Amino acid sequence: MIRSNLLKYTLYGIGAVAIQVILLRHLTVFNAQSDLVLLFTLWICTKRSKTEVILLSAFVAFFQDALTDLWGLNLFTKVLTVFILHNFLNRTSENQFLVWQIFLIVLGASFLHNIIFYIVSSLTGVYASEYVIVSLLFVSSLFTAVLGSFLHLVRSK
């Protein structure tokens with residue numbers, strides 16, 4: 001029997017993928033874009049157990065890969081990021097953080113995610129430019145951290 005909370009989070013994840021693909025894909029800064037699906041994955045790490053988050057992030061990342069034609073790259077990187085960061089994020093979920101602390105946590109998680117993404121994509125030959133390193137690792141991580149901090153400011157308790 002599927003629990004209603006898990007179904008609710010699945011629908012939130014599909015909504016995050018839809019917003020990512022429809023809207024945020026076209027909002028680029030130096031050819032880098034923020035990753036709302038990663039923010040959803042980090043948020044869900046504070047709410048659910050590790051197994052549930054891995055399965056949910058795998059489903060959502062697979063859906064994102066299907067819509068962006070990056071078969072398996074987001075799936076692998078988001079699941080590995082959850083595997084690495086879940087215990088840290090789950091332990092810190094009871095604390096009230098300031099905006100700059102949320103910015104640093106999201107920046108570090110996004111940088112780790114983008115390093116994994118770049119390594120896996122370079123092994124598959126998807127990206128072959130040095131410009132992508134600066135754009136993907138630094139600008140995209142910064143852009144995702146700014147979006148995560150903004151969402152932290154406007155979220156409801």
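Residues: numbered from 1 along the sequence shown. Because the structure is predicted, anything quoted here is derived from the model rather than measured.
Identified under the ring pair (Phe, Tyr, Trp, His ring centres under 6.0 Å) test for residues 6-27, with sequence neighbours left out: Tyr9-Trp43.
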May I have the step-by-step check of side chain to side chain contact (heavy atoms under 4.5 Å, CB included) for Gln64 and Leu70, ending in yes or no?
CA-CA 8 Å; Gln64 181 184 15; Leu70 291 172; over 6 Å; no

Test Val53 against Asn90 for side chain to side chain contact (heavy atoms under 4.5 Å, CB included), laying out the working first.
CA-CA 11 Å; Val53 174; Asn90 203 6; over 6 Å; no

Could you please spell out the steps behind the side chain to side chain contact (heavy atoms under 4.5 Å, CB included) verdict for Lys78 and Val82?
CA-CA 6 Å; Lys78 286 185 177 43; Val82 166; 5.6 Å; no

I'd like to know whether Ile44 forms a side chain to side chain contact (heavy atoms under 4.5 Å, CB included) with Glu52, so could you lay out the CA-CA distance, the side-chain angles of the two residues, the decisive distance to 0.1 Å, and finally the verdict.
CA-CA 9 Å; Ile44 206 76; Glu52 289 175 341; over 6 Å; no

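Contact between Cys45 and His86 at its shortest, heavy atoms only, is O-NE2, 3.4 Å. What you find for Ser110 and Ser141 is that their closest heavy atoms are OG-CA, 3.2 Å. Listed here is the closest heavy atom pair of Leu24 and Ser34: CD1-OG, 3.8 Å. Taking every heavy atom of both residues into account, Ala109 and Leu38 meet most closely at O-CD2, 4.5 Å. Nearest heavy atoms, Arg25 versus Leu67: NH1-O, 4.1 Å. Taking both residues in full, the closest heavy atoms of Gln20 and Leu36 are given as OE1-N, 2.7 Å, listed atom of the first, atom of the second, then distance.
A distance of 11.0 Å separates CZ in Phe138 from CG in Leu142, rounded to the nearest 0.5 Å. Here the CG-CD1 distance, from Leu80 to Ile54, works out to 9.5 Å after rounding to the nearest 0.5 Å. The structure places CG of Leu23 at 5.0 Å from CG of Leu27, a figure rounded to the nearest 0.5 Å. A distance of 10.0 Å separates OG of Ser149 from CD1 of Ile105, quoted to the nearest 0.5 Å. A distance of 8.5 Å separates NE2 of His113 from OG of Ser140, quoted to the nearest 0.5 Å. Note that CG of Leu107 and CZ of Phe111 are 8.5 Å apart. Values are rounded to the nearest 0.5 Å.
Between Asn74 and Val37 there is no side-chain heavy-atom pair separated by less than 4.5 Å.
For Phe117 and Phe76, the ring centers sit 6.0 Å or farther from each other.
Both Leu42 and Ile84 belong to a common hydrophobic cluster when Ile, Leu, Val, Met, Phe, Trp and Tyr are linked at side-chain heavy-atom distances under 4.5 angstrom. There is a path of hydrophobic side-chain contacts, each under 4.5 Å, that joins Phe40 to Val21. A continuous path of ILVMFWY side-chain contacts below 4.5 Å connects Leu98 to Leu104, so both sit in one hydrophobic cluster. In the hydrophobic cluster analysis, where Ile, Leu, Val, Met, Phe, Trp and Tyr join through side-chain heavy atoms closer than 4.5 angstrom, Ile115 is grouped together with Leu39. Clustering ILVMFWY residues whenever any of their side-chain heavy atoms sit less than 4.5 angstrom apart, transitively, puts Leu73 in the very cluster that holds Leu112.
The number of heavy-atom neighbours closer than 6.0 Å to CZ of Phe59, taken from other residues, nucleotides and ligands shown, is 12 or below. Heavy-atom neighbours of Phe83 CZ from other residues, nucleotides or ligands within 6.0 Å: at or below the threshold of 12.
Distance alone, capped at 3.5 Å, is enough to place a donor-acceptor pair between the Thr144 side chain and the Asp35 backbone.
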